[in-house]
Amino acid sequence: MPLWLSRQPLVLASKSDIRGKILAAAGLRFEIRPAHIDERAVEAEAGVSDAAAAARVLARAKADAIAATVPGRPVLGADQTLACGDMRLSKPVDAAAAAEQLRALRGRTHELHSALALVRDGTLLFSCIETARLTMRDFSDRFLEEYLDMAGNAALTSVGAYQLEGIGIHLFEKVEGDYFTILGLPLLQFLEYLREHGFVDG
Ligand SMILES: Nc1nc2c(ncn2[C@H]2C[C@H](O)[C@@H](COP(=O)(O)OP(=O)(O)OP(=O)(O)O)O2)c(=O)[nH]1
């Protein structure tokens, strides 16, 4: 198990259930302090042009917001954006929005951009952005209705209204990219950095 060697335990600046589960399953010790930022305002101020740039800027903003409150501690911020052609989607607000979003994505390929930023005392220690491409089946309206009935509120917790590791897998005909990138935390890149910089035993 990768032993956390740093005296300063990691802080995860995320309310995301799956991000906490991913780090815990990898044996990392951390504390959760969700960052409450105005994502639209951060994007507007940064003048970001595309979904990938937005994910990078937002991950950094979340890490900065929490790092300012925990001097000396490494803080991990994360963000995931979804793009399909010129369309950018975010977490659906209700079941109707989830249905509309999935109707717009079915039969097409969309990209998930997952970014990380590790910040300590205002200094960016590590950042990465990874992209996955997912092709949805052209499923029927009846299937979509049954999927949303089964998924329930879980569909509202993901940027694409699905959990790939759950029944969301039934939506797809092809998935290209790293599993952890799709779930919202590019773990392999993060662990490589932690090993190379003595945060964990490698
Ligand atoms: N379990 C699961 N979650 C997914 C999947 N795809 C995306 N997600 C989740 C991960 C993130 O929690 C969420 C992406 O939204 P954000 O990056 O804005 O994070 P969120 O608002 O959840 O938390 P945060 O902003 O980090 O406090 O979607 C998936 O396939 N499985």
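Counting starts at 1 for both ligands and their atoms, following the listed order.
- The protein non-hydrogen atom at the shortest distance from atom 12 (O) of ligand 1 is Ser16 OG, 2.7 Å.
- No hydrogens or angles considered: a donor-acceptor pair under 3.5 Å links the side chains of Gln163 and Thr157.
- Judged purely by distance below 3.5 Å, without hydrogens or angles, the side chains of Glu130 and Ser114 never pair a donor atom with an acceptor atom.
- Residue contacts with ligand 1 include Ala78, since one or more of its heavy atoms lies under 4.0 Å from the ligand.
- Short contacts between ligand 1 and Ile18, defined as distances under 4.0 Å to a heavy atom of the residue, involve ligand atoms 1 (N), 3 (N), 10 (C).
- Remark: Arg137 is positioned above the aromatic ring of Phe143, its terminal NZ or CZ atom under 6.0 angstrom from the ring centre and at most 45 degrees off the axis.
- The protein heavy-atom contact nearest to atom 4 (C) of ligand 1 is Ser158 OG, 3.2 Å.
- Summary of contacts: the protein heavy atom closest to atom 30 (O) of ligand 1 is Leu164 N, 2.8 Å.
- With sequence neighbours left out, the side chain to side chain donor-acceptor pair (under 3.5 Å) criterion links Arg88 to Glu43.
- Between Arg133 and Glu111 there is a salt bridge, since a side-chain N of the basic residue sits under 4.0 Å from a carboxylate O of the acidic one.
- Among Gln80, Arg19, Lys91, the residue whose heavy atom lies nearest to atom 19 (O) of ligand 1 is Arg19.
- Here the shortest heavy-atom distance to atom 31 (N) of ligand 1, taken over Glu39, Lys62, Glu165, belongs to Glu165.
- In this structure the side chain of Asp79 never reaches within 4.5 angstrom of the side chain of Arg56, judged on heavy atoms.
- Proximity of Ser14 to ligand 1, defined as any heavy-atom pair under 4.0 Å, is shared by backbone and side chain alike.
- Annotation: ring pair (Phe, Tyr, Trp, His ring centres under 6.0 Å) contacts involving residues 81-111, sequence neighbours excluded, comprise His110-Tyr162.
- Rounded to the nearest 0.5 Å, atoms CD1 (Ile167) and CG (Asp149) are 9.5 Å apart.
- Residue-level proximity to ligand 1 for Thr157 is carried by the backbone, the only part with a heavy atom below 4.0 angstrom.
- The backbone and the side chain of Asp79 each have at least one atom closer than 4.0 Å to an atom of ligand 1 (non-hydrogen atoms only).
- Among protein heavy atoms, atom 27 (O) of ligand 1 sits closest to Lys15 N, 2.8 Å.
- Looking only at heavy atoms of the protein, atom 10 (C) of ligand 1 is closest to Leu183 O, 3.3 Å.
- Looking at His113 and Thr81, their side chains never bring a donor and an acceptor atom within 3.5 Å of each other.
- The ligand atoms of ligand 1 that sit less than 4.0 angstrom from a heavy atom of Val159 are 28 (O).
- Within the listing of ligand 1, atoms 5 (C), 29 (C), 30 (O) sit less than 4.0 angstrom from a heavy atom of Tyr162.
- No more than 12 heavy atoms of other residues, nucleotides or ligands sit less than 6.0 Å from atom CD of Glu45.
- Summary of contacts: the protein heavy atom closest to atom 6 (N) of ligand 1 is Ile182 O, 3.1 Å.
- Atoms of ligand 1 found under 4.0 Å from any heavy atom of Gln163 (numbered from 1 in listed order, with element): 1 (N), 2 (C), 29 (C), 30 (O), 31 (N).
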